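Accompanying notes for the structure given below.
To find a chain, count down the sequence lines: A is the first, B the second, and so on, and within it residues start at 1. These numbers come from a predicted model, not from an experiment. Note that these values count all heavy atoms, side chains included, but never hydrogens, waters or copies made by symmetry.
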Amino acid sequence: MAKIVGTITTSHVPAIGGAIAKGLQSDPYWKPFFDGFPPVRDWLAKVKPDVVVLVYNDHGLNFFLDKMPTFAIGAAAEYRNADEGWGIPTVAPFRGDPELSWHIIESLVAEDFDLVTCQEMVVDHAFTLPMALCWPDQKWPVRTVPVVVNTVQAPLPSAKRCYKLGQALGRAIASWPKDERVVVMGTGGLSHQLDGERAGFINKDFDLKFMDSMVNDPAWATKYSTVELVELSGTQGVELLNWVVARGTLPEKVSKRQANYHIPISNTASGLMVLEPA
Amino acid sequence: MSLDKPYTDIPGTTIFDADKSREGYHLNQFCMSLMKAENRARFKANERAYLDEWPMSEEQKQAVMARDLNRCIALGGNIYFLAKIGATDGKSFQQMAGSMTGMTEDQYRDMMVKGGRSIEGNRKTGEKK
Ligand SMILES: [Fe+2]
């Protein structure tokens, strides 16, 4: 049977792509952020995943306001990146795993999660940059399954619903009959706000409590409404819902393998965590 | 009848909800068209003519030409999509975000390096009840 060997949760700011393209990993501004990742790569070398299930929000590349699913999942053999207009290089295509995707779809729909299924899908920076941070040579050694959560157009799914989705996703992966090792990633956040007079908003206290809850109290974020999460973490900080989904795939008890937190990258408080089932 | 909006009291903050999404649909669609290099070039060559290809309100077009992002947001723009205008102008996300705060670019960058804008006084309008 398949096994979830752990989760990686991280921020996904477009500027990271610019910094990678310009080779700024050791630049004083960027170093505290990039320094979080060598331990993640060591961990990946040890756990050797076959598949990454990556939970993120799309920013208009695949889903625009014409069609905005609350939850969607890729079921393609390949996922390509495309120009989002940032002037950062696109990355090599990712291999999909349609069989696993459809297994997850069957399993989640049976648990009353009605997902939009996508046999064609392009993936944006929220998918590609975390992958590039984990595998800087961009020769992806894993197959991938993208899971997309609407964190863009209110009403957003509640943290409670996202956590339950994660739990159901965990059960779906665990019931996959192949002996494969799966890493679940969740990308976005942490606190940031890109718009309005409150732009630049950061809430370190909240972020640190949230990161602590990822280890010790996984349902903590579910006590907040999505509007309260915006109030506490910013209009875009609410992307932390993707972390909540990822966390839901792990059992109650976990051990922390790596954590990093740094303010700022661009407008954002960056967070990074690696968790394993205890 | 639309729902109550208990969330309009976070200062300097707009929740991008169904009303905003409807109002800003073509504005945001125009923004997304700038993901294509040839559209960026056409927009730069003649902004007004390019904007006139979209069924946007005159106010929305004026706000785009003035690069008034707060106004764009009030008229239904979403920053994830408005950011494509900034990218077309060669501006970073930080420059765009800063432009909405009434701060200079340097002041905004300094604020971010020092830990960002605090939640103190920035959580609810009329915070002290
Ligand atoms: Fe994002």
Side-chain angles (χ1 to χ4, degrees), chain A residues 13-15 18 28-29 57-61 64-66 68 82-88 124 126 151-156 191-207 225-239 262-269, chain B residues 3 5-7 9-18 20-22 24-25 28-29 31-32 34-37 39-40 69-70 72-74 77-84 87-88 90 92-94 96-103 108-109 111-119 122-124:
Chain A
V13 181
Y29 183 89
N57 62 287
D58 179 89
H59 304 72
L61 186 68
F64 178 64
L65 304 173
D66 58 340
M68 182 57 75
D83 182 10
E84 292 175 69
W86 312 128
I88 58 178
D124 79 356
T151 68
V152 174
Q153 175 186 269
L156 311 181
S191 63
H192 66 301
Q193 174 152 338
L194 304 172
D195 47 6
E197 289 88 357
R198 201 173 80 139
F201 176 83
I202 297 281
N203 192 346
K204 182 176 180 178
D205 183 56
F206 176 83
D207 288 340
S225 70
T226 54
V227 172
E228 286 168 330
L229 288 174
V230 166
E231 185 182 309
L232 291 165
S233 71
T235 38
Q236 285 73 38
V238 73
E239 291 177 341
H262 174 67
I263 304 169
I265 52 169
S266 189
N267 306 282
T268 302
Chain B
L3 298 169
K5 294 188 178 180
Y7 48 77
D9 65 344
I10 308 173
T13 299
T14 304
I15 302 265
F16 186 75
D17 63 5
K20 288 285 160 224
S21 189
R22 290 170 68 185
Y25 187 73
N28 289 310
Q29 205 165 46
C31 292
M32 292 309 280
L34 300 177
M35 284 200 298
K36 289 208 169 69
N39 290 341
R40 292 196 284 271
L69 294 183
N70 279 326
C72 287
I73 285 167
N78 179 297
I79 190 62
Y80 285 137
F81 312 130
L82 293 170
K84 312 298 179 187
T88 302
S92 71
F93 242 117
Q94 185 165 97
M96 279 181 269
S99 80
M100 287 176 265
T101 62
M103 303 169 86
Y108 184 83
R109 192 189 311 110
M111 175 181 77
M112 292 319 299
V113 169
K114 290 185 181 128
R117 186 183 306 284
S118 157
I119 192 164
N122 285 309
R123 184 167 180 176
K124 288 256 194 274

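Residue pairs meeting the salt bridge (Lys or Arg N to Asp or Glu O under 4.0 Å) criterion with at least one partner in residues 197-207 of chain A, sequence neighbours excluded, are Asp205(A)-Lys209(A).
In this structure, the portion of Thr235(A) lying under 4.5 Å from any heavy atom of chain B is its side chain and not its backbone. Heavy atoms of Arg109(B) lying under 4.5 Å from chain A are absent altogether. If you measure heavy-atom distances from Tyr29(A) to chain B, the contacts under 4.5 Å come from the side chain alone. Of the two parts of Phe201(A), the backbone and the side chain both hold a non-hydrogen atom closer than 4.5 Å to a non-hydrogen atom of chain B. Heavy atoms of Asp195(A) lying under 4.5 Å from chain B belong to its backbone as well as its side chain. With a 4.5 angstrom heavy-atom cutoff, Met112(B) touches chain A via backbone and side-chain atoms both. If you measure heavy-atom distances from Asn57(A) to chain B, the contacts under 4.5 Å come from the side chain alone. Both the backbone and the side chain of Phe16(B) come within less than 4.5 Å of a heavy atom in chain A. Neither the backbone nor the side chain of Val238(A) comes within less than 4.5 Å of any heavy atom in chain B. Heavy atoms of Leu61(A) lying under 4.5 Å from chain B belong to its backbone as well as its side chain. Of the atoms belonging to Ile10(B), it is side-chain heavy atoms, and not backbone ones, that fall under 4.5 Å from chain A. Contact annotation for Gln236(A): both backbone and side-chain heavy atoms come within less than 4.5 Å of a heavy atom of chain B. Only the backbone of Thr14(B) comes within less than 4.5 Å of a heavy atom in chain A; its side chain stays farther off.
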| request: Take Gln193(A) and Ile79(B) through the test side chain to side chain contact (heavy atoms under 4.5 Å, CB included) and record every step on the way to the result. | output: CA-CA 10 Å; Gln193(A) 174 152 338; Ile79(B) 190 62; over 6 Å; no

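With contacts defined as side-chain heavy-atom distances shorter than 4.5 Å, the pair Leu34(B)/Arg40(B) qualifies. By the 4.5 Å heavy-atom criterion applied to side chains, Lys124(B) and Glu231(A) are counted as neighbours.
Ala83(B) meets the side-chain contact (heavy atoms from CB on, under 4.5 Å) test with Trp86(A), Phe93(B), Met96(B); sequence neighbours excluded.
Inspection of the Tyr80(B) and Asn28(B) side chains reveals no N or O donor paired with an N or O acceptor under 3.5 Å.
Ring geometry, Phe64(A) versus Tyr25(B): the interplanar angle falls from 30° to 60°, so the pair is classed tilted.
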